[in-house]
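Below is one structure, written out as structure tokens; comments come after it.
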Amino acid sequence: MPTFADEPMVPAAEVTPNLDVIMNIPVTMQVVLGSTVMPVANLMKLGRGAVVKLDTNITDPVDLIVNGRIVARGEVVVLENEEQRFGITLTEIVSPTARQPRSKTSAN
């Protein structure tokens with residue numbers, strides 16, 4: 001049985017990554033409009049038609065989160081020819097070094 005020791009060494013600079021290996025891996029993507037903190041007692045009082053005040057303004061960008069990390073920000077838009085659906089237009093791509101997990105609670 002061949003081992004890695006039997007393989008010729010190839011300098012890392014000469015290796016071309018094969019991205020096809022990862023292109024079909026599913027990821028979870030979320031668009032977060034905002035968040036809030038409330039006691040369980042208030043949560044239990046919510047019903048149909050209740051309004052929950054979020055910590056963001058209508059003009060604030062929304063966060064695009066992939067696998068728990070913010071990767072971009074954008075603006076909410078109504079899709080053309082589909083007035084019942086909306087999406088986001090990306091306005092900022094977060095640099096890989098600045099990508100932090102989104103906190104579970106808001107910092108007011």
Side-chain angles (χ1 to χ4, degrees):
M1 173 180 259
T3 64
F4 288 115
D6 298 333
E7 298 290 323
M9 293 296 289
V10 178
E14 294 178 21
V15 176
T16 303
N18 182 359
L19 296 180
D20 292 337
V21 174
I22 64 168
M23 294 310 264
N24 288 325
I25 296 174
V27 295
T28 300
M29 186 170 76
Q30 302 170 310
V31 176
V32 178
L33 299 173
S35 62
T36 192
V37 175
M38 71 173 58
V40 173
N42 291 359
L43 180 66
M44 298 301 292
K45 294 176 187 174
L46 294 177
R48 185 178 184 98
V51 175
V52 176
K53 185 178 177 182
L54 301 176
D55 62 351
T56 55
N57 293 317
I58 193 123
T59 57
D60 290 345
V62 295
D63 292 333
L64 175 66
I65 299 174
V66 176
N67 286 349
R69 296 195 180 272
I70 299 172
V71 297
R73 291 188 178 85
E75 298 172 349
V76 176
V77 296
V78 176
L79 298 177
E80 288 184 37
N81 302 322
E82 294 187 53
E83 285 109 26
Q84 300 297 317
R85 298 181 57 140
F86 59 94
I88 64 168
T89 298
L90 299 182
T91 57
E92 173 189 358
I93 304 297
V94 177
S95 70
T97 56
R99 291 180 183 164
Q100 298 294 324
R102 181 170 170 86
S103 64
K104 298 290 182 193
T105 60
S106 64
N108 291 338

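Any value given below was found using the heavy atoms of this structure, including those in side chains, with hydrogens, waters and symmetry copies removed.
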Counting C-beta onward and ignoring hydrogens, is there a side-chain heavy-atom pair between Thr36 and Asp55 closer than 4.5 Å?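 The answer is no, as the side chains (C-beta and beyond) never meet within the 4.5 Å cut-off.
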For the residue pair Leu64 and Val62, establish whether any side-chain heavy-atom pair is separated by less than 4.5 Å.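 No - every pair of side-chain heavy atoms lies 4.5 Å or more apart.
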Looking only at heavy atoms, what is the nearest atom pair of Met38 and Val52, with distance?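 Here Met38 and Val52 meet closest at CE-CG1, 4.0 Å.
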Check Ala72 against Leu90 and note the closest heavy-atom contact, atom names and distance.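 Taking every non-hydrogen atom into account, CB-CD2, 4.0 Å.
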Are Ile25 and Leu19 connected, step by step, through hydrophobic side chains (Ile, Leu, Val, Met, Phe, Trp, Tyr) whose heavy atoms are closer than 4.5 Å?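 Yes; tracing contacts between hydrophobic side chains, which count when under 4.5 Å, links both residues.
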Is there a donor-acceptor pair closer than 3.5 Å between any side-chain N or O of Thr56 and the backbone N or O of Leu33?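 Checking the backbone N and O of Leu33 against the side chain of Thr56, a donor-acceptor pair under 3.5 Å is found.
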Any donor-acceptor N/O pair, Asn42 side chain to Pro39 backbone, under 3.5 Å: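 No; zero donor-acceptor contacts below 3.5 Å.
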To the nearest 0.5 Å, what is the distance between [atom1] ([X]) and [atom2] ([Y])?
X: Met29; Y: Asn67; atom1: CE; atom2: CG; result: 11.0 Å
X: Asn81; Y: Leu79; atom1: CG; atom2: CG; result: 9.5 Å
X: Ile58; Y: Glu75; atom1: CD1; atom2: CD; result: 11.5 Å

Quick check on side-chain contact (heavy atoms from CB on, under 4.5 Å): which of Arg69, Gln30, Arg73 does Asp63 satisfy it with?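 In the set Arg69, Gln30, Arg73, the residue that makes a side-chain contact (heavy atoms from CB on, under 4.5 Å) with Asp63 is Arg73.
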